[in-house]
Amino acid sequence: ALACLPVYLAGCDTFLALCGDTYMSRLWCIVEAWVFVEMREGRHDSLALRPFGEALKILEKSRGIDVTQATCTMPEDATRLMTVLEESFGTLERCSSKLTATLLPDMVRKAKRVTAQRASTRSNRGGEE
């Protein structure tokens, strides 16, 4: 699956991330978003974040992405993904710093915009969902 990830993502015009409370702590989620952005030479315009639950609060309070604390259901996936990230960035600390600087500000900005749009839509309907 990891070797095919760039192939799958190359066929996508947009990366839609349904960002729940645990999104930034899940290693596969972090890697998928990173690969998508890197394939577009760092452009974020096709990365669509759609927060739900407490995701916006968590993103705003986050000090950053720490891949060493990210989890996978399968330990062998975590080992492979960590190896790829370390080889790509040199160290996992450098990886975390780069991902934080690259992904987090844009994700928070987009999450706030979506949340504001939802609030505006609800107020225009008189508070109805």
Side-chain angles (χ1 to χ4, degrees):
L2 181 58
C4 296
L5 185 60
V7 175
Y8 297 138
L9 293 177
C12 301
D13 294 325
T14 301
F15 182 92
L16 174 61
L18 300 175
C19 183
D21 305 350
T22 62
Y23 186 84
M24 297 310 289
S25 65
R26 292 168 45 206
L27 194 52
W28 268 110
C29 296
I30 295 167
V31 169
E32 288 170 345
W34 168 67
V35 169
F36 185 81
V37 170
E38 283 299 305
M39 290 178 60
R40 281 152 184 76
E41 299 176 350
R43 291 189 346 263
H44 300 94
D45 54 339
S46 298
L47 182 64
L49 175 68
R50 299 296 181 260
F52 62 93
E54 298 293 314
L56 179 58
K57 291 177 188 172
I58 291 169
L59 285 170
E60 288 177 323
K61 292 178 183 177
S62 175
R63 291 177 304 202
I65 298 168
D66 184 354
V67 296
T68 64
Q69 298 301 309
T71 60
C72 276
T73 303
M74 299 175 64
E76 57 273 13
D77 281 356
T79 301
R80 282 195 336 246
L81 293 171
M82 292 288 192
T83 299
V84 168
L85 291 173
E86 194 165 28
E87 288 175 359
S88 298
F89 290 94
T91 67
L92 291 177
E93 291 75 21
R94 190 176 303 146
C95 173
S96 295
S97 295
K98 175 77 172 171
L99 292 174
T100 297
T102 303
L103 295 178
L104 199 59
D106 192 59
M107 294 176 99
V108 170
R109 189 171 44 255
K110 286 181 180 183
K112 286 181 179 180
R113 186 174 63 230
V114 168
T115 302
Q117 288 170 345
R118 287 180 183 161
S120 175
T121 300
R122 277 194 295 271
S123 69
N124 289 340
R125 289 192 224 150
E128 298 175 16
E129 283 291 324

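FYI, side chains are in, hydrogens and waters are out, and symmetry mates aren't considered; it's all heavy atoms of this structure.
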S.K.: Once rounded to the nearest 0.5 Å, what's the spacing between atom CG of Leu5 and atom CH2 of Trp34?
M.R.: 9.5 Å
S.K.: Could you pull out the closest heavy-atom pair between Ala70 and Met82, with the gap in Å?
M.R.: O-CE, 4.3 Å
S.K.: Is it the case that the side chain of Thr121 and the backbone of Gln117 share a donor-acceptor pair, with hydrogens and angles ignored and the cut-off at 3.5 Å?
M.R.: yes
S.K.: Can you name the side chain to side chain contact (heavy atoms under 4.5 Å, CB included) partners of Thr73, sequence neighbours left out?
M.R.: none
S.K.: Between CZ of Phe15 and CE of Met39, what distance do you get to the nearest 0.5 Å?
M.R.: 11.5 Å
S.K.: In Å, rounded to the nearest 0.5 Å, how long is the span from CG of Leu85 to CZ of Arg80?
M.R.: 12.5 Å
S.K.: Can you name the nearest heavy-atom pair linking Ala33 to Tyr23, along with the distance?
M.R.: CB-OH, 4.0 Å
S.K.: Could you tell me the separation between the OG atom of Ser25 and the CG atom of Asp66, rounded to the nearest 0.5 Å?
M.R.: 11.0 Å
S.K.: Report the distance from atom OG of Ser46 to atom CG of Leu9, rounding to the nearest 0.5 Å.
M.R.: 11.5 Å
S.K.: Measuring from Phe36:CZ to Thr14:OG1, what's the distance to the nearest 0.5 Å?
M.R.: 6.0 Å
S.K.: Are side-chain heavy atoms of Ser97 and Phe89 found at a separation under 4.5 Å?
M.R.: no
S.K.: Output, in order, the C-alpha distance, side-chain angles, deciding distance and verdict of side chain to side chain contact (heavy atoms under 4.5 Å, CB included) for Asp77 and Leu27.
M.R.: CA-CA 9 Å; Asp77 281 356; Leu27 194 52; over 6 Å; no
S.K.: Can you pull out every salt bridge (Lys or Arg N to Asp or Glu O under 4.0 Å) where at least one residue sits in residues 82-103? Sequence neighbours excluded, please.
M.R.: none
S.K.: Show your working on side chain to side chain contact (heavy atoms under 4.5 Å, CB included) between Val67 and Leu99 and close with a plain yes or no.
M.R.: CA-CA 9 Å; Val67 296; Leu99 292 174; 3.7 Å; yes
